[in-house]
Amino acid sequence: MKKYCLALFLAALCVFLSACGNPDAAANHGEEKKMIVVGFSQVGAESDWRKANTLSMQAAFSPENGYRLILDDAQQKQERQITAIRNFINQGVDYIVLAPTTERGWDTVLLEARAAGIPVIIVDRMIEIADTNLFTCWIGSDFRKEGDEAVRWMERQFEKAPLRIVHLQGNIGSSAQIGRTEGLDAGLAVHPEWQLVFRASGDFTQAKGQELVEAVLNEGMAFDLIYSENDNMAYGAIDALKKAGLQPGGDMKIVSFDASSTALHMILSGEISYDVECNPLHGPRVRAIIEQLERGETPPKFTYVEETAFDREKLTEALINSRGY
Ligand code: GZL
């Protein structure tokens with residue numbers, strides 16, 4: 001009888017242990033296929049662009065696709081990203097994906113990831129580090145090119161007319177801010193008839209964008225154009241203008257970046273005049289990179305995403321609805 005009880009106990013123990021097995025094991029017709037674990041350090045949830053970017057990554061790295069995604073929202077703070085990366089290392093993830101808040105300050109933590117043998121993929125913004133071997137590859141936008149695109153439109157739109165510009169910058173030190181600001185500065189350098197009347201960072205948020213434009217209006221500054229480094233700050237600027245009884249697109253023009261669907265509808269309504277695309281749908285792109293690495297292949301070190309820009313002539317409701325964000 002004792003032997004029977006012992007055998008029963010051991011059988012139950014085996015069943016229990018197999019049920020507690022690896023959380024990353026996906027049962028696949030009996031044999032266990034290991035899920036690929038991806039630790040994703042995301043900037044935050046500051047804008048439509050960022051939320052679309054997160055959704056794209058979550059859809060790409062789903063359990064159905066064979067992944068377990070560990071998402072960390074850094075609330076736009078680099079120190080939280082560094083902590084998240086260390087947590088990913090301690091959890092032994094298979095890949096780390098970093099959407100960096102800022103360009104600098106990554107060398108130490110990426111050295112730790114390399115020491116742990118975990119490949120790091122940088123997405124969206126660029127990082128500036130001494131040894132680019134500390135990350136496997138990068139995929140994102142050419143922000144200087146985006147800024148130049150906006151300035152080309154301003155030149156076409158205003159020709160040689162005097163232009164007083166209010167400049168709403170993104171997070172200072174992020175490559176999106178650096179590149180888009182460089183584009184405007186290059187335009188200011190060759191257009192003496194252009195005047196920068198105000199420049200400050202709205203941190204890519206709607207609330208800060210509104211606050212800055214309210215301050216400009218309260219100071220009684222006259223201006224012809226708002227150069228907003230993302231759509232959410234442009235939404236805030238529009239709120240401030242309307243609150244002051246002004247008509248965006250009439251009394252002054254707005255140039256923006258991201259080209260999210262809400263902003264493109266504001267082009268149709270005339271509130272925003274030009275919007276330079278910054279495509280956030282990086283999920284499938286990063287997944288394709290990881291799958292290349294899983295096959296032992298070498299993806300390109302740097303991949304720039306193809307992007308366009310929109311004005312009223314180019315836009316239709318159908319086009320907006322076809323874009324995915
Ligand atoms: C651009 C991205 C920027 C967006 C903003 O690639 O880093 O951050 O332009 C977002 O909307 O907050």
Side-chain angles (χ1 to χ4, degrees), residues 40-57 60 74 76 78 81 97-104 106 120-129 132 135-153 167-187 201-205 227-234 255-264 272 274-289 299-311 314 323-325:
F40 176 36
S41 173
Q42 175 61 293
V43 165
E46 74 281 2
S47 64
D48 296 6
W49 188 100
R50 190 64 56 197
K51 291 165 192 163
N53 181 247
T54 297
L55 288 172
S56 175
M57 297 290 279
Q76 294 186 289
Q78 180 179 32
Q81 292 199 287
V97 178
L98 169 63
T101 45
T102 185
E103 289 203 343
R104 298 187 177 164
W106 301 105
V120 176
I121 296 164
I122 310 295
V123 65
D124 177 23
R125 302 171 183 174
M126 190 61 83
I127 61 171
E128 191 183 303
I129 53 172
T132 56
F135 64 89
T136 301
C137 50
W138 171 90
I139 182 162
S141 300
D142 183 339
F143 302 108
R144 170 59 193 268
K145 187 178 172 192
E146 292 176 358
D148 292 342
E149 176 60 38
V151 166
R152 294 297 82 76
W153 177 84
H167 180 195
L168 307 180
Q169 295 178 290
N171 296 92
I172 300 300
S174 68
S175 41
Q177 174 272 313
I178 293 168
R180 293 167 187 168
T181 294
E182 282 176 353
L184 178 58
D185 284 346
S201 172
D203 288 340
F204 287 129
T205 67
Y227 182 100
S228 175
E229 291 186 354
N230 89 323
D231 289 337
N232 291 78
M233 293 190 294
V255 177
S256 185
F257 295 82
D258 286 351
S260 58
S261 57
T262 302
L264 295 183
I272 293 177
Y274 199 63
D275 207 327
V276 181
E277 180 186 24
C278 181
N279 190 297
L281 306 180
H282 293 320
R285 302 171 182 135
V286 179
R287 182 184 165 200
I289 285 172
K301 184 76 177 177
F302 296 95
T303 304
Y304 285 92
V305 177
E306 275 305 306
E307 295 169 334
T308 182
F310 299 94
D311 59 17
K314 197 168 177 178
R323 289 170 39 75
Y325 73 99

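Ser174 and Phe204 get closest at one heavy-atom pair: OG-CE1, 3.7 Å. Between Ser41 and Gln81, the shortest heavy-atom contact is OG-NE2, 3.0 Å. In terms of heavy-atom proximity, Asp148 sits nearest to Gly183 at OD1-CA, 3.5 Å. Of all heavy-atom pairs spanning Ala60 and Arg287, the tightest one is O-CD, 3.5 Å. A pairwise comparison of heavy atoms in Cys137 and Pro299 identifies SG-CG, 4.1 Å as the closest pair. Closest of all the heavy-atom pairs between Ser56 and Pro280 is CB-O, 4.2 Å.
Counting heavy atoms from C-beta outward, Glu146 and Cys278 have side chains that approach closer than 4.5 Å. Side chains of Val123 and Phe40 form a contact here, defined as non-hydrogen atoms less than 4.5 Å apart. Looking at heavy atoms from C-beta onward, Gln169 lies out of side-chain contact with Met233 at the 4.5 angstrom threshold. Between Asp275 and Asp231, the closest side-chain pair of non-hydrogen atoms falls below 4.5 Å. Between Glu46 and Asn232, every side-chain heavy-atom pair lies at or beyond the 4.5 Å cut-off. Using a 4.5 Å heavy-atom threshold, the side chains of Ile122 and Pro100 count as touching. Put simply, the side chain of Thr101 does not reach to within 4.5 Å of the side chain of Asn171, judged on heavy atoms. Counting heavy atoms from C-beta outward, Leu184 and Arg180 have side chains that stay 4.5 Å or more apart.
Between the OG1 atom of Thr181 and the CD1 atom of Ile172 there is a distance of 6.5 Å, given to the nearest 0.5 Å. How far NZ of Lys301 is from CH2 of Trp138: 12.5 Å, rounded to the nearest 0.5 Å. Rounded to the nearest 0.5 Å, atoms OG (Ser47) and CG (Asp258) are 6.0 Å apart. How far CD of Gln177 is from CZ of Arg125: 9.5 Å, rounded to the nearest 0.5 Å. Distance check, rounded to the nearest 0.5 Å: CD1 of Ile129 to CH2 of Trp106 gives 11.0 Å. The CG atom of Asp124 lies 7.5 Å from the CD atom of Gln42; values are rounded to the nearest 0.5 Å.
The side chain to side chain contact (heavy atoms under 4.5 Å, CB included) with Phe257 is formed by just one residue from the set Trp49, Tyr227, Phe143, Tyr274; it is Tyr227.
Partners of Ile178 by side-chain contact (heavy atoms from CB on, under 4.5 Å), not counting sequence neighbours, listed by chain and number: Glu103, Glu182. Take Asn279 and apply the side-chain contact (heavy atoms from CB on, under 4.5 Å) test, not counting sequence neighbours, and it matches Glu277, Leu281, Arg285, Val305, Glu307, Tyr325.
Side-chain contact, Asp203 with Gln76: no donor N or O sits under 3.5 Å from an acceptor N or O. Gln78 and Thr102 are not linked by any side-chain donor-acceptor pair at a separation below 3.5 angstrom, with hydrogens and angles left out of the test.
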